[in-house]
**Student:** 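Dumping the structure here so I can ask a few things about it.
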Number of protein chains: 2
Amino acid sequence: MPRGATLRDVADRVGVSPRTVSRVVNDEGGFSEVTRVRVLEAVEDLGYQPNMLARGLITHRSGTVGLVGVDMTDPFFPAMAEGIQNAARETGRTIFFASNDGDSQRQAEVFRSLWSHAVDGVIVFPAPGTIDQLAGYARRGMPLVVVDDIVEFPNLASVSFDLEDGAVQAAQHLLATGRRRIGMIGSEITVPRTRRRERGFYQAFESPPVGAELPELVRVQPTVSGGAAGLQKLLERRPDLDGIFAYNDLMAVGAMRAAQASGYRVPDDIAIVGCNDIEMSALLNPGLTTIRLDRPRLSAEAIRVLHELIEEPTSNPTPLVLPVELVIREST
Amino acid sequence: MPRGATLRDVADRVGVSPRTVSRVVNDEGGFSEVTRVRVLEAVEDLGYQPNMLARGLITHRSGTVGLVGVDMTDPFFPAMAEGIQNAARETGRTIFFASNDGDSQRQAEVFRSLWSHAVDGVIVFPAPGTIDQLAGYARRGMPLVVVDDIVEFPNLASVSFDLEDGAVQAAQHLLATGRRRIGMIGSEITVPRTRRRERGFYQAFESPPVGAELPELVRVQPTVSGGAAGLQKLLERRPDLDGIFAYNDLMAVGAMRAAQASGYRVPDDIAIVGCNDIEMSALLNPGLTTIRLDRPRLSAEAIRVLHELIEEPTSNPTPLVLPVELVIREST
DNA sequence: AAGGATGGCGTCAACGTTGACGTAAGTCAA
DNA sequence: TTGACTTACGTCAACGTTGACGCCATCCTT
């Protein structure tokens with residue numbers, strides 16, 4: 001790209017030094033009203049835009065934030081990214097985006113690249129099993145916010161949803177609406193998230209209503225086809241299941257389709273509860289009962305915590321866990 | 001962020017000049033094998049990462065590409081962004097992401113910011129009515145690829161889908177499956193895209209099969225609720241419609257739900273064809289017949305064209321229009 | 001043996017900006 | 001009137017890197 005006007009160009013036109021133009025542009029004070037007006041006119045005329053590379057080189061602030069996701073095509077992600085991007089823009093920062101593909105190696109590459117570009121901080125949806133890696137970056141001084149997972153490491157902030165409670169709510173709802181033979185389709189991916197959801201699910205059965213039987217659990221891939229496979233497996237074990245809680249909405253969709261394909265009516269024969277409340281869930285037929293996560297809130301909190309960390313690198317924020325909410329639609 | 005090791009740190013440890021380290025790191029040649037090995041060892045030991053700000057300042061290549069979308073939550077977008085991001089990574093570039101919110105003002109802000117950050121080029125899903133604005137950036141030397149819209153401006157590349165043909169295919173499919181009273185739910189957003197789809201739609205009626213009546217058209221917001229509203233309007237005009245083509249899948253979903261809510265069976269009473277083949281469309285009940293756009297291909301082509309433009313700024317690529325394909329599911 | 005080419009470095013300046021510091025003119029209090 | 005302070009600038013160096021160029025061995029050619 002051709003280079004645009006520089007401080008020197010503006011300075012020459014006005015007849016002051018570049019330093020003075022810099023002061024005006026950054027509103028540092030130390031200039032007269034007359035100078036200010038003339039400089040800003042020249043800035044306008046020449047279409048001057050500060051060069052963030054040069055500025056960042058000296059201030060060690062690049063005005064950028066990294067956003068590392070597992071995979072952009074996860075339907076949970078876009079709303080998060082949009083919120084984060086908007087929040088970042090309000091503080092004058094631009095977003096570097098990169099996927100880690102759920103792979104620690106790739107995530108390391110991504111972080112090397114972001115470090116090279118001198119990002120001011122990073123918000124990351126961690127690849128499974130990479131908390132230590134991330135803690136390493138944080139220790140080296142990179143402001144880092146882990147999203148969607150609870151981590152307890154010094155210098156490593158985290159913002160997440162209370163999915164344990166979400167699982168409790170889902171199971172209780174199934175029990176409260178009269179379901180007695182309930183299965184959970186969990187995720188085989190071994191992250192703390194998974195365990196927490198399962199723990200919450202079982203917790204709801206600690207003092208079960210009369211007639212409730214011990215729940216079933218299968219672990220499958222967290223995808224639509226995984227959900228379908230999970231439902232098949234559960235029905236093989238217990239063809240009389242009447243309630244399902246799925247690890248996420250995609251799996252719930254898969255389970256719903258598989259159930260319908262096997263001749264079960266939803267919700268008459270079998271009720272299904274998902275988790276995440278992705279956009280699609282309200283549009284299904286029947287609409288999916290699910291656990292709503294307030295993603296705009298999570299975005300806002302993540303950026304807020306990150307900015308705290310950038311401004312105050314020594315601060316040690318406590319993990320933030322946001323409440324979740326059951327949304328009842330037609331699938332239960 | 002704290003700064004990492006620099007060329008000087010590496011140089012001091014090895015006992016050579018920073019210039020030599022730079023040569024090794026960039027594999028420019030002009031160093032001995034012994035030096036190469038010792039430098040790379042030191043690079044490894046110190047965890048040296050080149051500072052892209054400093055490098056970009058002097059080379060005028062920042063190793064970044066801007067990706068400007070209308071809105072990340074458009075279900076059409078994530079797969080594109082993921083593909084673009086992966087393709088960019090292979091060439092060692094990182095993606096700056098920003099939304100224009102479909103607003104020209106905001107888009108201008110976004111471009112100012114990207115210019116400030118010295119991006120090597122930009123891929124943009126243009127906000128409606130901003131082609132002139134974009135042509136301006138291209139004229140000033142910014143390598144720019146417009147995606148999802150055909151533009152014929154010098155210096156401004158474009159990559160898009162043949163949605164005119166998509167509309168032809170959709171309409172012909174409806175006619176071929178015996179539908180005779182067909183409506184189109186168009187978008188009220190006045191971009192060339194919209195017109196092209198409508199033109200293709202009407203084109204299919206230029207030599208209609210016997211019994212086919214003149215098609216109906218409404219224009220509504222390109223959203224789920226817009227689609228529902230559009231279907232209502234169409235049915236008010238002609239309650240005996242038996243086929244619908246919607247501008248996009250979200251509208252098709254809205255139309256499908258509205259039709260079902262009004263007691264119409266899909267596809268028995270009324271057939272529905274969407275456009276885009278977003279992930280959700282295969283998961284609906286019934287599955288949505290729609291026009292599939294090869295988004296991975298579009299991503300790849302967009303990055304390819306952009307790189308050509310970056311390497312060869314004077315080249316003037318012709319607009320690229322990719323073929324589309326009808327996917328028949330249960331809604332027709 | 002002289003001349004030229006080549007390999008393997010080093011030196012210096014520059015990219016565009018800001019931090020640190022200097023300075024001249026003006027203001028104010030004692 | 002003097003000294004201290006303030007305002008409104010300017011000067012210089014530095015951030016980390018690379019482009020341009022220079023230099024000294026070494027090697028080859030004739």
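Keep in mind it's a predicted model, so treat the numbers as computed, not measured. Throughout, protein chains are lettered first and strands after them, A, B, ... in sequence-line order, and every chain is numbered starting at 1.
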**Student:** Tell me the interatomic distance from Asp27(A), atom CG, to dT17(C), atom C1', rounded to whole angstroms.
**Tutor:** 17 Å
**Student:** Mark yes when over 12 heavy atoms from residues, nucleotides or ligands other than Glu28(B) sit less than 6.0 Å from its CD; otherwise mark no.
**Tutor:**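 Check passes, neighbour count above 12.
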**Student:** Do the charged groups of Asp120(A) and Arg61(A) touch, with an N to O distance under 4.0 Å?
**Tutor:**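 No, no charged N to carboxylate O under 4.0 Å.
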**Student:** Near Glu109(B) CD, under 6.0 Å, is it more than 12 heavy atoms from other residues, nucleotides or ligands?
**Tutor:**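 Buried by this count: over 12 neighbours within 6.0 Å.
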**Student:** Quickly work out the His60(B) NE2 to dT17(D) P distance and round it to whole Å.
**Tutor:**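 One finds 17 Å between P of dT17(D) and NE2 of His60(B), rounded.
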**Student:** What is the per-nucleotide protein-contact pattern of nucleotides 19-25 of chain C, from the 5' end, where B denotes a base atom under 4.0 Å from a protein heavy atom, S denotes such proximity for sugar-phosphate atoms only, and - denotes neither?
**Tutor:** BB-----
**Student:** For residues 30-54 of chain A, which residues have at least one heavy atom under 4.0 Å from DNA chain D?
**Tutor:** Gly30(A), Phe31(A), Ser32(A), Thr35(A)
**Student:** For residues 7-18 of chain B, which residues have at least one heavy atom under 4.0 Å from DNA chain C?
**Tutor:** Val16(B), Ser17(B)
**Student:** Please determine whether a side-chain nitrogen of the Lys or Arg among Glu279(A) and Arg295(A) lies less than 4.0 Å from a carboxylate oxygen of the Asp or Glu.
**Tutor:** yes
**Student:** Mind checking whether Phe97(B) and Phe77(B) have parallel, tilted or perpendicular rings, split at 30° and 60°?
**Tutor:**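 Geometry flag for Phe77(B) against Phe97(B): tilted rings.
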**Student:** Should Arg140(A) and Asn155(A) be marked as a side-chain hydrogen bond (donor to acceptor under 3.5 Å, both in side chains) after you check the CA-CA gap, both sets of side-chain angles, and the distance that decides it?
**Tutor:** CA-CA 9 Å; Arg140(A) 277 181 262 165; Asn155(A) 308 317; over 6 Å; no
**Student:** For the side chain of Thr20(A), starting at C-beta, report the closest nucleotide among dG10(D), dT18(C), dT17(D).
**Tutor:**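 It is dG10(D).
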**Student:** I'd like to know if Asp45(B) and Arg38(B) make a salt bridge, using a cut-off of under 4.0 Å between side-chain N and carboxylate O.
**Tutor:**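 No, this pair does not count.
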**Student:** What is the distance, rounded to the nearest whole Å, between atom CG of Asn26(B) and atom P of dA20(D)?
**Tutor:**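 Value for this atom pair: 15 Å.
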**Student:** In terms of heavy-atom contacts, does CZ of Arg23(A) have more than 12 from other residues, nucleotides or ligands at under 6.0 Å?
**Tutor:** yes
**Student:** For Arg36(A) and Glu41(A): C-alpha separation, side-chain torsions, deciding distance, then whether salt bridge (Lys or Arg N to Asp or Glu O under 4.0 Å) applies.
**Tutor:** CA-CA 9 Å; Arg36(A) 190 183 71 84; Glu41(A) 271 174 18; over 6 Å; no
**Student:** For a side-chain hydrogen bond (donor to acceptor under 3.5 Å, both in side chains) check, start with the C-alpha distance between Thr64(B) and Thr94(B), then their side-chain angles and the critical distance, and finish with the verdict.
**Tutor:** CA-CA 5 Å; Thr64(B) 62; Thr94(B) 309; over 6 Å; no
**Student:** Would you say a side-chain N or O of Ser22(A) is under 4.0 Å from OP1 or OP2 of dT17(C)?
**Tutor:** no
**Student:** Evaluate the ring planes of Phe96(A) and Phe96(B), with Trp represented by its six-membered ring, and classify them as parallel (under 30°), tilted (30 to 60°) or perpendicular (over 60°).
**Tutor:** parallel
